[in-house]
Asker: 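Shown below is the structure under consideration.
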Amino acid sequence: MDDQYELYCLADPLFYDTLDGRRGDHPDFALATRDVPQGWEHRVTDTWLHYAPVSGGTPAQGWKVHVSACAADAERALETVWDYCVPRGIAFKFLRSLPVMTMLNSKAAPRGSSGKLVTLYPVDEAQLELTLKELDELLRGVEGPYILSDLRYGDGPLFVRYGGFAARHCPGENGDPVLAVEDGDGRLVPDVRGPAFSVPSWVTLPPFLEPHLAARNAVTTEGLPYRIESVMQFSNGGGVYLAQDVRTGTRVVLKEARPHAGLDAAGRDAVARLAHERDMLARLAGLDAVPALIDYFTLGGHHFLVEEFVDGDPLQRQLVRRYPLTRADCDEAALADYTAWVLDVLPKVRRAVESLHGRGVVFGDLHPNNILLTEGGRPVLIDYEVATLTTDGGRAALAHPAFGAPADRRGTDVDAYALGCLCLGLFAPQLTIMLPLDRAKVTRLARLITETFPVPPEVVGEAVRVVTGPDPVRPAPLPRPGRDDWPRLREAMVRAVLASATPGRDDRLFPGDVAQFEPGGGLCFAYGAAGVLYTLERCGAERLPEGEDWLRRRALSPDAGTRIGFYDGLHGVAHVLDLLGHRQDAVDIVEVCLRERWETLGLGLFGGLAGIGLNLLHLGGTTGERSFTETGLRIADICSGRLGGPDDVPETSGGTHPRAGLMYGSSGPALLFLHAYERTGDTGLLDRAAVALRQDLRRCVTGEDGSLQVTQGWRTLPYLDEGSAGIGLVLARYLLHRDDDRFREALDGCRLVTRGRYFVQSGLFTGRSGMIAALGSGLGTPSHTPGTESHTAPGTDPGTDPGTAPDAALGTDLGTDSAEQLRGLDWHALPYGGGLAFPGDQLLRLSMDFATGTAGVLFAMSTVLHDRPVFLPFLEPPGGTGSRATARPVHGSAARSRTCDSSKEV
């Protein structure tokens, strides 16, 4: 679970949204209603309220002060800081509401920055020292969580860190934009905000802070009877460590709890929950399903519980390793073997839970990561911090969103609900997260499970009965992807999209991913109005003039901080407006973008130079603006110079390393080089495209099923954005121009990922719809032998006339893989507004955007179902868009049939 999404779930039960004091039952702090002081400016974001003197004087970076507080002390701390800063002209900001404060200090919140309630920006070290000294007295008695990224001043709620005051950005270690500060030479470098205090190399710690650093470093684990071997898990509440008892040599598990941190829905901190877990383990001592309690102690204010180390695998890990539908070679025997394993595990877990009930305890947090399976198959339940007593009839204050019971379940019914979800979730991993969006979805999931797996219907039926409770909800009639006709599906999805529109809002027109709440995010192609309007036009739906006017007005006067990339910014908006006939608006927007410092961006397609270059080449053709084409070719040269060699990237993608794939990796520049070659005939660009593709293939591995996927070291990715499906699309385009044995072999491996039958998400960039769009955009056709057919000759303008398309079409009937993937969208289909909608990333809320939600699903369907060819931007066939297929068989391999029995079930 990505923790940032939970904050955006508070305001609305169906869509991700912001807490702005008007939506939802979450008012701002009382201080937010004070009049802005005369001579001060005020800025509001989703989480912070900013105040600064209009006269300026605040530097761009320096030593900042953070104030931490518990909920009980928050109002006092805020009033004290306001009354201190305003007369002295010190800029400051504070969290806007108690729910925001609680969420940003929850167990799932980022460890490094959690705990901050107020930030102050002293102008120099003299003001810093005085502010700390005086506020330390004024805030005496205020308690709050330790801010891990900072140095604590004394033993109160004040913390300091050197960092940026103004929001400036530079590329991070992996190439993505990150917040930046200037180093000693005036260069922008990442503003590191990790879970440990550090001072930049060019900065000297002020002498008055040295005693506080010494006090911090004085706390160590020396002298403990336990030696920590490794970290098992970190959360904002503390850590879980594998350790050795030096007295006995046995392995143990240490669980750490930080005071005032890791809050749950009941407002309890990690220390309260750890003490509660100690009491629960003592009550359950001796049960086979429960680790033994060994010790409990405190160190440096942190609490530690020591328990038995159970040598077992989390059920979640076994599920990932065994689940057959993600493999390209899944067959009936694999489905039967997996089903038999599930039917063996479920009763054992149920008996383990019932053994707790026999001791009067409700586990309360049952999910696959809290179930260990030993080598002998014995289940052991771990993590009792939210367990309750059966006699209390209570509910857990923390729960996994896919297994958390609705409000009407109490006591042992909470565990029964989780067991029902576990049964369904082992066959449909993670999808019970969607049940709060549509309680009737459980019936559809059960139908799909029994259609797919040879599981006895009564097993799934019992799980459904437990999950639905005594008053089941009848499912709304919905068209079924892959089974109902295209016009009906399109009409239902368009109806849902239009029903969600909020033209009266300035920040967004259609609800989508949380990224739309960044500056300009509500406009952009990936998450905003541009992508939805693009989809409506491409799929043949009726135009939305009022939506186009909304986009035009806001794009021509964008908010400060709006990005300029293709999928994340104004270039993508210009692309869409040009398509919709607002050509002058598009030209005006691009000219604004070209006045920005675009040369400093990364190379990627999503928000970097590759996307901008491709858009300029495209608009150079549609608008006749020669300067656009020239700048696009110049960007190709810049990318070529910055690309490096085939081995100049690590062998893993993501984390601290640059990402691979179409949207963020080297395949984006490769696509730009190919388009530039198609316009100039410069074969050197083909050479650079080959280098870029080899960089991405360096970060791919071949799975047991023969599929090629991008590796992140701990998992592999098949997806359109930074997985192998996107790489495959660019490989296929390259092979139209030049043969390469290794590339043809890699392309075959990329194609295999489209045969996976299960994806946790339905979205275009990181889900099943990306597989459909890849199939519709060329990945589903065999690779091409150069010389067997003619496309647009290099050096000529491909134009936009569909009549110039090649005559190599393989037909428009569905292939087997496309039909299978379309049917698979049924796993995620949900009702909304009398139509058909899909959840966004994390599955917690519906989304209508292009990258994660319903518009992306609709677009993907269009690529394989619409009577007019539809392709992802810049992936239409060279020379035109009149053909779905652009390649012919290699070495006599036969093309797969594009027809199938569309009524065939999974």
Side-chain angles (χ1 to χ4, degrees), residues 232-233 240 242 250-255 273-296 305-322 340-400 402-405 409-426 432 459 462-463 466:
M232 302 176 72
Q233 179 184 330
V240 181
L242 179 62
T250 58
R251 279 184 159 180
V252 295
V253 173
L254 265 63
K255 297 189 67 174
R273 289 197 306 275
L274 193 68
H276 177 75
E277 179 166 13
R278 174 197 59 199
D279 297 342
M280 288 293 118
L281 290 176
R283 184 185 184 104
L284 297 170
L287 293 181
D288 285 344
V290 181
L293 173 65
I294 296 173
D295 195 2
Y296 192 92
L305 180 150
V306 186
E307 68 181 21
E308 171 194 7
F309 167 70
V310 177
D311 191 4
D313 237 0
L315 179 58
Q316 177 65 27
R317 187 179 302 163
Q318 292 224 17
L319 163 63
V320 171
R321 184 167 62 244
R322 293 172 178 267
W341 174 74
V342 172
L343 295 179
D344 177 65
V345 168
L346 283 173
K348 295 178 180 177
V349 174
R350 182 176 293 106
R351 287 193 292 271
V353 172
E354 289 171 349
S355 72
L356 271 61
H357 295 174
R359 294 279 185 94
V361 172
V362 178
F363 187 49
D365 194 18
L366 184 72
H367 59 80
N369 273 319
N370 277 351
I371 303 169
L372 299 180
L373 291 179
T374 67
E375 187 174 354
R378 174 174 65 98
V380 178
L381 308 181
I382 60 173
D383 201 349
Y384 291 82
E385 61 183 29
V386 296
T388 60
L389 298 179
T390 57
T391 54
D392 292 343
R395 291 173 48 79
L398 284 174
H400 190 292
F403 299 87
R409 310 300 168 90
R410 298 276 169 173
T412 56
D413 287 345
V414 170
D415 283 347
Y417 179 91
L419 283 167
C421 287
L422 182 67
C423 174
L424 301 172
L426 288 175
T432 52
V459 172
E462 176 59 25
V466 170

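None of these values were measured; they are calculated from a predicted model.
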Asker: If you define the side chain from C-beta out and look only at heavy atoms, does anything of V466 sit under 4.5 Å from L419?
Answerer: no
Asker: Walk me through it: do E277 and L274 pass the test side-chain contact (heavy atoms from CB on, under 4.5 Å)?
Answerer: CA-CA 5 Å; E277 179 166 13; L274 193 68; 4.0 Å; yes
Asker: Working note: S355 + D288, criterion side-chain contact (heavy atoms from CB on, under 4.5 Å); need CA distance, chi angles, decisive distance, verdict.
Answerer: CA-CA 9 Å; S355 72; D288 285 344; over 6 Å; no
Asker: How far apart are the C-alpha atoms of L305 and L281, what are their side-chain angles, what is the distance that settles it, and do they pass the side-chain contact (heavy atoms from CB on, under 4.5 Å) test?
Answerer: CA-CA 10 Å; L305 180 150; L281 290 176; 4.0 Å; yes
Asker: If you round to the nearest 0.5 Å, how far is CG of D279 from CD of E385?
Answerer: 13.0 Å
Asker: What are the two closest heavy atoms between Y384 and H276, and how far apart are they?
Answerer: O-CD2, 3.7 Å
Asker: Can you tell me which residue among V320, I371, L372, L319 is in a side-chain contact (heavy atoms from CB on, under 4.5 Å) with P314?
Answerer: L372
Asker: Is there a side-chain contact (heavy atoms from CB on, under 4.5 Å) between Q318 and V345? Walk through the geometry before answering.
Answerer: CA-CA 11 Å; Q318 292 224 17; V345 168; over 6 Å; no
Asker: Give, for atom CG of L366 and atom CG of L356, the distance between the pair rounded to the nearest 0.5 Å.
Answerer: 10.0 Å
Asker: Measuring only between side-chain heavy atoms, which start at C-beta, is L373 closer than 4.5 Å to K348?
Answerer: no
Asker: Roughly how far apart are L287 CG and R359 CZ, rounded to 0.5 Å?
Answerer: 4.0 Å
Asker: When rounded to the nearest 0.5 angstrom, what is the spacing between CD in E307 and CG in L254?
Answerer: 9.5 Å
Asker: If only atom types and distance count, is the side chain of R409 paired as donor or acceptor with the main-chain N or O of R395 below 3.5 Å?
Answerer: no
Asker: Donor-acceptor pair, T432 side chain versus A402 backbone, under 3.5 Å?
Answerer: yes
Asker: What's the spacing between F309 CZ and M232 CE if we round to 0.5 Å?
Answerer: 6.0 Å
Asker: Counting distance only, does the side-chain N/O of E308 pair as donor-acceptor with the main-chain N or O of A292 below 3.5 Å?
Answerer: yes
Asker: Looking only at heavy atoms, which two atoms of G364 and V414 are closest? And how far apart?
Answerer: CA-CG1, 4.2 Å
Asker: Which pair of heavy atoms, one from F403 and one from P368, lies closest together, and at what distance?
Answerer: CZ-CD, 3.3 Å
Asker: If we ignore hydrogens and angles and just use 3.5 Å, is the side chain of N370 paired with the main-chain N or O of D365 as donor and acceptor?
Answerer: yes
Asker: So do the side chains of D313 and R321 get within less than 4.5 Å of each other, counting heavy atoms only?
Answerer: yes
Asker: Can you see which heavy atom on G404 is nearest to which on A399, and at what distance?
Answerer: CA-CB, 3.8 Å
Asker: Please tell me if the side chains of F363 and D415 come closer than 4.5 Å, counting only heavy atoms from C-beta onward.
Answerer: yes
Asker: Is R278 close enough and on-axis enough to Y296, meaning under 6.0 Å and within 45°, for cation-pi?
Answerer: yes
Asker: Which word best sums up how the rings of H367 and H400 line up, parallel for under 30°, tilted for 30 to 60°, or perpendicular for over 60°?
Answerer: tilted
Asker: Quick one: does L315's side chain get under 4.5 Å of L422's, heavy atoms only?
Answerer: yes
Asker: Looking at side-chain heavy atoms only, is the closest gap between V380 and P291 below 4.5 Å?
Answerer: yes
Asker: Are the side chains of V386 and R273 in contact, using a 4.5 Å heavy-atom criterion?
Answerer: yes
Asker: Dump the intermediate steps for salt bridge (charged side-chain N to carboxylate O under 4.0 Å, His left out) on K255 and D383, then the final yes or no.
Answerer: CA-CA 10 Å; K255 297 189 67 174; D383 201 349; 3.4 Å; yes
